[in-house]
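What follows is a single structure, written as structure tokens, with notes after it.
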Amino acid sequence: TADAIAWTYRNISQYGGNPQQLFVMGHSAGAFNAITAVNDQRFWRTTGVPDQAVLGVIGLAGPYAYDFTTDSTRKVFPVGAHPDQIMPDRHPRPHAPAHYLLTAQRDRVVYDFNTDRMQAALQSVGVPVQVGVVPKVGHASMIVAMATPTEFLGSTRQMVLDYLKRRLGSLEQP
């Protein structure tokens, strides 16, 4: 994920994008990866991307703060690893970009304590963070609702677009 952010920063202008106006977003494990890549200094320092180039990080239903050693997902983590070594809420980085963390109201896969703990960790190092709950969606339907044809499922898409507009608008203010 950190390499993908670095590649995007170096190459986005070739595709009409602005390398000084990047947003990083992920859902579920992708949110874990996005948040980790931007917040954990072990990964962020490998990117060469200036902090100010990333205008925001958006995490959708991310598992940022759970004890994977007691969960069936432990097989995707290194053998013998401890949550303190890996979980994003343990590695907030001062000067990281603003964050927007969304949970799904009906999520029965990733519980909202993950967002609560990530929010507290970010706030503890002075990183601006907003949180929200997407009504009426579950874990999977939260991301499915991002697509235009399926946005009737929930307001994920609109909430994300509104956040992007707010972040970009705040930069235009003198």
Side-chain angles (χ1 to χ4, degrees), residues 1-65 87-105 107 110 112 114-135 137 139 142-148 151 154-174:
T1 302
D3 288 345
I5 295 167
W7 185 94
T8 301
Y9 174 74
R10 289 190 311 271
N11 294 282
I12 196 169
S13 60
Q14 297 173 45
Y15 300 94
N18 183 341
Q20 297 303 314
Q21 292 186 341
L22 301 178
F23 287 87
V24 178
M25 183 172 80
H27 171 260
S28 195
F32 175 100
N33 291 343
I35 299 290
T36 299
V38 173
N39 285 289
D40 191 324
Q41 191 62 37
R42 295 174 294 181
F43 301 107
W44 184 248
R45 71 173 171 247
T46 69
T47 66
V49 176
D51 287 339
Q52 66 274 14
V54 178
L55 302 182
V57 182
I58 303 165
L60 307 174
Y64 315 117
M87 287 290 106
D89 73 316
R90 291 6 184 259
H91 300 278
R93 180 175 64 87
H95 311 295
H99 284 57
Y100 188 41
L101 306 176
L102 293 175
T103 58
Q105 181 183 28
D107 198 331
V110 175
D112 56 3
N114 286 279
T115 295
D116 297 341
R117 291 180 186 167
M118 193 69 230
Q119 177 186 21
L122 291 166
Q123 288 174 331
S124 76
V125 295
V127 174
V129 58
Q130 296 176 34
V131 297
V133 177
V134 182
V137 295
H139 190 73
M142 174 187 217
I143 193 64
V144 173
M146 283 291 293
T148 304
E151 64 185 333
S155 56
T156 312
R157 177 182 166 82
Q158 193 58 54
M159 291 174 75
V160 169
L161 289 173
D162 290 346
Y163 175 74
L164 296 174
K165 288 176 190 172
R166 285 192 309 271
R167 286 294 299 143
L168 289 168
S170 71
L171 300 173
E172 295 171 1
Q173 303 298 323

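The structure presented is a predicted model; accordingly, all values stated were derived computationally and were not measured. Values below: every heavy atom of this structure, side chains too, minus hydrogens, waters and symmetry copies.
- Side-chain atoms of H27 come within 3.5 Å of backbone N or O of H139 as a donor-acceptor pair.
- A donor-acceptor pair under 3.5 Å is formed between the side chain of T156 and the backbone N or O of M142.
- Annotation: the span from T46 atom OG1 to D3 atom CG amounts to 6.0 Å, rounded to 0.5 Å.
- Residues G59 and A31 come closest through the heavy atom pair CA-CB, 4.0 Å.
- When each of R167, Q119, R166 is paired with Q130, the side-chain hydrogen bond (donor to acceptor under 3.5 Å, both in side chains) condition holds for R166 and for no other.
- Of all the heavy atoms in A37 and I5, the pair that sits closest is CB-CD1, 3.9 Å.
- Looking at N114, its side chain does come within 3.5 Å of a backbone N or O of Y64 through a donor-acceptor pair.
- For the atom pair M118 CE and R90 CZ, the distance stands at 10.5 Å (nearest 0.5 Å).
- Remark: Y100 pairs with Y163 by the ring-ring contact (aromatic ring centres under 6.0 Å, His included) rule, at least two apart or across chains.
- Minimum interatomic distance between D107 and A61 (heavy atoms only, all atoms of both residues): OD2-CB, 3.5 Å.
- With hydrogens and angles disregarded, no donor-acceptor distance shorter than 3.5 Å links the side chain of R157 to the backbone of E151.
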Next on the checklist: One pair to check against side-chain contact (heavy atoms from CB on, under 4.5 Å): M159 and D162. What are the steps and the verdict?
Outcome noted: CA-CA 5 Å; M159 291 174 75; D162 290 346; 5.7 Å; no
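- Closest heavy-atom contact between T115 and L102: OG1-O, 4.4 Å.
- The shortest heavy-atom contact between P97 and V54 is CB-O, 3.1 Å.
- Listed by chain and number, the residues in a ring-ring contact (aromatic ring centres under 6.0 Å, His included) with H99 amount to none (sequence neighbours excluded).
- For the side-chain contact (heavy atoms from CB on, under 4.5 Å) test with H91, the passing option among V125, T36, D40 is D40; the others fail.
- Residues Y15 and N11 come closest through the heavy atom pair CD1-O, 3.3 Å.
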